[in-house]
Amino acid sequence: MPLDAYIDLEDDALLAQYSKGDAAAARALTTRLTPRIYGHAVRMLGDRAEAEDVTQDAMMRLWKIAPDWRVGEAKVSTWLYRVTANLCTDRLRRKRGLGLNDVDEPHDPSPSVTAQLQTRERMDALQTALQTLPDRQRQAVILRHIEGLANPEIAQILEISTEAVESLTARGKRALAQALAPARAKLGYDDDSI
Amino acid sequence: MTVSDENMDDLNMDALDALLSDVSNGPALQPNEGFMARVLEDALAQQPMPSVAPPSLWQQITSIVGGWQGMGGLVAATCAGFWIGINPPEGLPTQFDTFLNTETSVSFLDNENDDGALFGFGWDMEEG
């Protein structure tokens with residue numbers, strides 16, 4: 001199969017290809033899903049090394065379940081987010097009070113140095129504020145407002161109702177606004193201009 | 001907490017939405033290449049082997065006679081035998097002739113009833 005053909009394939013179709021022994025499907029799935037899961041884990045855990053462990057564990061579970069995956073029944077990314085969310089929750093329960101300073105935000109090469117610094121400060125402030133939220137609120141806010149998932153999908157991931165997701169994200173955002181109060185000036189958002 | 005409970009010092013919701021939007025649309029948190037390679041290594045290690053379909057009955061038969069070349073030779077020989085059977089060359093006795101006992105036999109001995117010569121030869125062999 002030509003490499004371009006994999007771009008158009010849905011995750012579950014790629015997983016079926018993977019189960020047939022197609023190495024290119026393994027590469028396509030790794031490239032497509034790993035960064036998303038990793039990004040979510042970093043935001044949840046606030047630690048890159050731990051996020052790598054969780055991501056590798058979640059992806060390993062995907063590889064193992066692949067032969068039994070029934071195409072069209074569930075969304076692969078939803079299943080993977082749920083596994084990741086559970087693994088993150090387990091880790092957070094075991095280890096509280098993570099240091100957040102070792103979370104390296106990506107550097108965007110295009111903006112000026114000042115803009116880069118401000119972007120960096122905003123990312124750090126948000127990451128710090130996120131860590132103050134209860135686990136479920138943090139998961140809901142990250143999935144809804146950073147990963148950009150729809151409420152019904154988040155409901156499936158967190159195994160709660162859509163109404164509960166709306167409630168969690170609303171409370172999470174209010175808590176986030178409160179946690180970001182000390183950094184308000186540093187964030188550089190002129191309230192009047194927004 | 002209700003809207004009326006919101007502290008005026010809190011970041012307002014529009015600013016928070018702008019911040020979340022910036023983060024969401026900004027560069028993603030990318031795993032390093034070494035880690036991606038490890039995940040791919042796991043994927044390939046866990047990947048089931050490509051399934052090979054068992055050979056069909058026809059494939060099994062042709063493989064016994066040496067593939068399609070062997071099968072071709074077998075078919076040619078069968079056709080030739082069949083043709084010789086229904087239209088034998090002149091001089092070749094047919095099954096029909098054999099059945100009616102009308103076939104012609106040729107003897108290379110001068111006198112086929114002269115057993116003495118043959119026996120004599122036999123004695124010679126015994127005496128050395």
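Here is the naming used below: chain letters follow the sequence lines, and residue numbers restart at 1 for every chain. What's counted below: heavy atoms across the whole structure, side chains too, no hydrogens, waters or symmetry copies.
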### Task
Working to the nearest 0.5 Å, report the span between CD1 of A:Ile142 and OG of B:Ser24.
11.5 Å
### Query
Quick one: are A:Leu126 and B:Asp22 in side-chain contact, heavy atoms under 4.5 Å?
no
### Message
Minimum heavy-atom separation for A:Tyr18 and B:Pro48, please, with both atom names.
### Response
O-CD, 4.0 Å
## Note on the structure
When the 4.5 angstrom heavy-atom criterion is applied to B:Asn25 and chain A, the contacting part is neither
### Query
Where is the tightest heavy-atom contact between B:Gln30 and A:Arg48, given as atom of each residue plus distance?
O-NH1, 3.7 Å
### Query
Are A:Arg43 and B:Val23 close enough that some pair of their side-chain heavy atoms sits under 4.5 Å apart?
yes
### Query
So, A:Tyr38 side chain and B:Asn32 main chain: donor-acceptor pair closer than 3.5 Å or not?
no
### Query
If you take all heavy atoms of A:Gly39 and B:Leu29, which pair is closest and at what distance?
O-CD1, 3.8 Å
### Task
Give, as side chain, backbone, both or neither, the part of A:Pro67 having an atom under 4.5 angstrom from any heavy atom of chain B.
side chain
### Message
Sort by residue number and list every residue of residues 70-77 of chain B having at least one heavy atom under 4.5 Å from chain A.
### Response
none
#### Entry: Between A:Arg36, A:Met60, A:His40, the one whose heavy-atom pairs under 4.5 Å with chain B are most numerous
A:Met60
### Name of the residue among B:Asp42, B:Leu44, B:Val39 meeting side chain to side chain contact (heavy atoms under 4.5 Å, CB included) with A:Thr30
B:Val39
### Residue pair B:Leu40 / A:Thr34, side-chain heavy-atom distance below 4.5 Å
no
### Query
Given that the side chain runs from C-beta out, which part of A:Ala26 has a heavy atom under 4.5 Å from chain B: side chain, backbone, both or neither?
both
## Note on the structure
Heavy atoms of A:Ala177 and B:Leu16 approach each other most closely as N-CD2, 4.1 Å
### Query
Donor-acceptor pair, B:Gln47 side chain versus A:Asp22 backbone, under 3.5 Å?
yes
